[in-house]
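Single-structure report; data block below.
To find a chain, count down the sequence lines: A is the first, B the second, and so on, and within it residues start at 1. The model shown is predicted, which means the values in this text are computed figures rather than measured ones.
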Amino acid sequence: MGRRRRCRVGPDEATRALPEAIAALSRTLPAGPSPETFRRAKFDCPEAAPALWRLLFRVLSPGPPDGASASLSLEAQARSVKSALRSQGYPSQALAQLPDNGSQGSRQLLLALAWLLARGPLLEQLLAQSRVRLGDEMPVCECEALASPGPPAPGMGEAGHVDIRHLQWLMGKLRFRWRNLMASQQEQCALLGQIHLYTRGCHSDRSLGHLSVTETELLRDPEGGRQLLRRLESENARLEAALEWRRREQVFWQWMDTVLGASQPTFLPRSPEPGARELEPVARELQALWEQLQEAVEARRAAWEARVGDRGPAWSAARRALDEVVGQDLAALQRAWEPGGGLTQPHGPRRLVRTEAGAPGGPGLRAPEVIEALRTQEAHLEVVLRQLQGHCRQELARLARALPGLIWIPPPGR
Amino acid sequence: MLPAGCSRRLVAELQNALDSCAERQRQLERSLRIARRLLQAWEPKETPAPEPTPRPETNEEAQFSACTPSPQDLQELELLTRALEKAARVRKGISKAGGDKAPSLKSASIAASPPSRISAPAQASRRAGSRASQTKPPKGIRQTRVPAKNLPEHRLLSVADATCKRRGAQAVKPEPGLRDQQMVPSAAAQAPEAFMLKDKGVLLQLPVAFRKAASQNSRLWAQLSSAQTSDSADAAATAKAQFLQKMQTASGWPSATEVEAEVGRLQKACSLLRLRMEEELMADPEDWAQEHRCLLTLQGLQDMVGQCLHRLRELHPGGRGRLHPLKGAAGGGAWLLPCEAASPVLTAVGEQLLRPWPEGRLPRASSPCGGGADPVWSPQLLLYSSPQELQTLAALRLRVAMLDQQIHLEKVLLAELLPAVSKPEALGPRWPALCRAVHSLLCEGGKHFLTVLREDAPAD
């Protein structure tokens, strides 16, 4: 398995290798079209187009497929594919010019698929997205949750004015929901702890030691267990196909070169420096920003190094926690302008494993470290919130002073 | 009353926050239901295929008599028969009360015996568990405490495996005696003891098929992640890079629209970075940790600006068409460096193109999950040692999420409400009340209110 074969591939093998590579690819892809579709796409046959549109839609839509996205019409899917490719920076114009009804352009779609495959670990990402999770997972950071507050739902129906008391009521409701959430979360942790305790020593994998809820559930409910097993087995099949694809993909890329050759007419003559004029102001701004930051960083670094000696292990652990937290912060910031890029699922949820306290333990993150990092994050956020509130207080005080004849008594405890 | 546009936006924003909270609650409820159910007594799920078995015991006995039983076995047999009769009486009593599921169970258990000689005795001993106190356990068999009531076969077998393995070889003793024990299960079938995870959880074992599939699954994932660094991967990487290059050239990239889009993105990046820088510069660090954090953030921002400048240079005619090594805040080699989305530089697989960070600067935007060689594909563990620890962790996580949401809401509210109260003359007599309400929302999180007194001349 995975043996390198650097020998020349003879013509017979070559003719066999390509279909097998494509077959492996189509087995790995979710909703993969048949190898025949690929072959037709090279010759730009229209009947191959719908399947490829659907495949690209499935590949480019974030997250697992749900009923809503699956029921979109081919046109809607085609439009969505085009905009997703555009936002990812797909270079070719030809695809954007294809008709929306999904009836043409299989060769362009094939090229787009190859482009996506070439850019990054697309197959692995797709597999990871739909991965069967056997353990009790807990995310250690909030990046995925934070990524979701999208634009507020349109069409609220609140055409009119709203009393500020309504807002106060909504805030109160929100506070209450958070309290509920925290209480439920505590209960869940307690239950998880119990289940892990009661099933200690049961797992065949010694490093895990105990069963997870999913695994215990499959023992309790054999039908569910059978379904889980089926899902596992189909994932295994896809994984094997992916490994086979990795072994054979060389020949696919050679073939794609020929496909690209066949689609030359999309070459546009390069207009001389179309956007160079637009680049200037942005470049200047960025340069200025960089210099400002440089100044600020120099000053603070000097101050920091003057203050700080070596503080020992506790401090370096705290430093690590800070590093991680800042890294996440900035990655989240970057996502604001990098539409589809950035870290795709870097902070996956982790499987919870209960161990004896003080046990040396194997690989894996330890809860105390995560707690430390989270505390740092919490402290920082509290500071930010306080500062924002302080700013509001100042503003309102300023407004209040402007109007004499009123006495403002702050709430008790201030 | 607030102006219409402002109202709409604020209500929408708050509603959004409420919805995301509700979504989390739903997910939690789902997993809570499952966990609670697991900790209660497990409902029996019997396997079908009932067989009319009037006296299966005697048939079995007849089979067993082929082997010469030792005196001890006979004695045990005697004991077991008595227990069986007693249990049968009990069962009749129970079956009169409610639906009788025993025959199917009995037949299932007996049907299971031929394929698994060893597990059957353990099975039996398990079933007999509840009656074990009455039947003196034969010496050869260690009584287990798992009278898994009406458990389907495969699970019983797995439990049996467990008991056999765990309780040691002693479980496999004089066969006839053991097999006789099997008769008892029908009796014990109606034992009122249900399966409680608390008591018998340690004796569970996953079914073989599942174990195989799961281990194969993790093996395949590990192979897949290591496959990225093998030799064939390098050759493929070169092929991919060439293909991407050709695509860029063939489509005449970058064209005007693409440059425009990229410039737009970079402008947005510039303004966001500037905003963030100003926030950091304004912040007044209270302790060393915040100071250090501020420093790290500013450094990170500087690096990001550097990346943007780099991209800009690539868009410029001079930079096109060449592969540039990029310093990137790459979280491990496998990540798609965001900047490279639009540039001809090969990403992900070309780890050689990404230089590691110099010491002291922002490390590879790593997360607690660790950016390493294969960060995501292999399962990652989070070890905890007590439920309190887990609760603390979870509570902190939620608290961070809540604070994040609060900060976001605060910014939105600030942007909308401060202008709404900034013109006291426009609102007239209602202004103090509105101001008070806004103050509580913005400065006290809506929890506390200040008091406003009107300073009137004393009436006399």
Which atoms of [X] approach chain A - backbone, side chain, both or neither, heavy atom under 4.5 Å:
X	result
B:Arg274	both
B:Leu442	both
B:Gln267	both
B:Leu301	both

Most heavy-atom pairs under 4.5 angstrom with chain B, which of [options]?
options	result
A:Ala402, A:Gly193, A:Cys189	A:Cys189
A:Val282, A:Leu333, A:Thr199	A:Val282
A:Asp257, A:Leu385, A:Asn236	A:Asn236
A:Leu211, A:Asp163, A:Val384, A:Leu322	A:Leu322
A:Glu395, A:Met256, A:Glu233	A:Met256
A:Gln250, A:Gln287, A:Lys173	A:Gln250

- Is a donor on one side and an acceptor on the other found under 3.5 Å between the side chain of B:Arg454 and the backbone of A:Leu406? no

Taking side chain as everything from C-beta outward and backbone as N, CA, C, O, which of these in [X] sits under 4.5 Å from a heavy atom of chain B? Side chain, backbone, both or neither.
X	result
A:Leu134	side chain
A:Leu111	both
A:Glu215	both
A:Gln254	neither
A:Ala114	both
A:Val132	neither
A:Gln387	side chain

- So do the side chains of A:Gln194 and B:Leu197 get within less than 4.5 Å of each other, counting heavy atoms only?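 When only atoms from C-beta onward are counted, B:Leu197 and A:Gln194 do not touch, as no gap falls below 4.5 Å.
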
- Query: Do A:Gln389 and B:Glu444 touch side chain to side chain, with heavy atoms closer than 4.5 Å?
  - Reply: no

Do the side-chain N and O atoms of [X] and [Y] include a donor-acceptor pair separated by under 3.5 angstrom?
X	Y	result
A:Gln377	B:Arg397	no
A:Gln185	B:Arg24	no
A:Trp253	A:Glu249	yes
B:Glu29	B:Gln25	yes
B:Gln302	A:Gln292	no
A:Glu235	B:Trp221	yes

Count the heavy-atom pairs under 4.5 Å between each of [options] and chain A, then report the option with the highest count.
options	result
B:Ser215, B:Ser422, B:Ser440	B:Ser422
B:Gly446, B:Cys435, B:Ala269	B:Ala269
B:Leu38, B:Leu14, B:Leu272, B:Thr392	B:Leu38
B:Arg36, B:Met277, B:Lys198, B:Gln216	B:Lys198
B:Lys411, B:Glu291, B:Glu389, B:Arg276	B:Glu291
B:Asn217, B:Leu414, B:Val305, B:Leu298	B:Asn217

Which heavy atom of [X] sits nearest a heavy atom of [Y], and at what distance?
X	Y	result
B:Arg211	B:Leu206	NE-O, 3.1 Å
B:Gln223	A:Leu243	OE1-CD1, 3.1 Å
A:Pro411	B:Phe449	CB-O, 3.4 Å

- Item | Salt-bridge present (A:Glu369, A:Arg366; N to O < 4.0 Å) | no

- Just wondering, are more than 12 heavy atoms of other shown residues or ligands nearer than 6.0 Å to CZ in A:Arg375? no

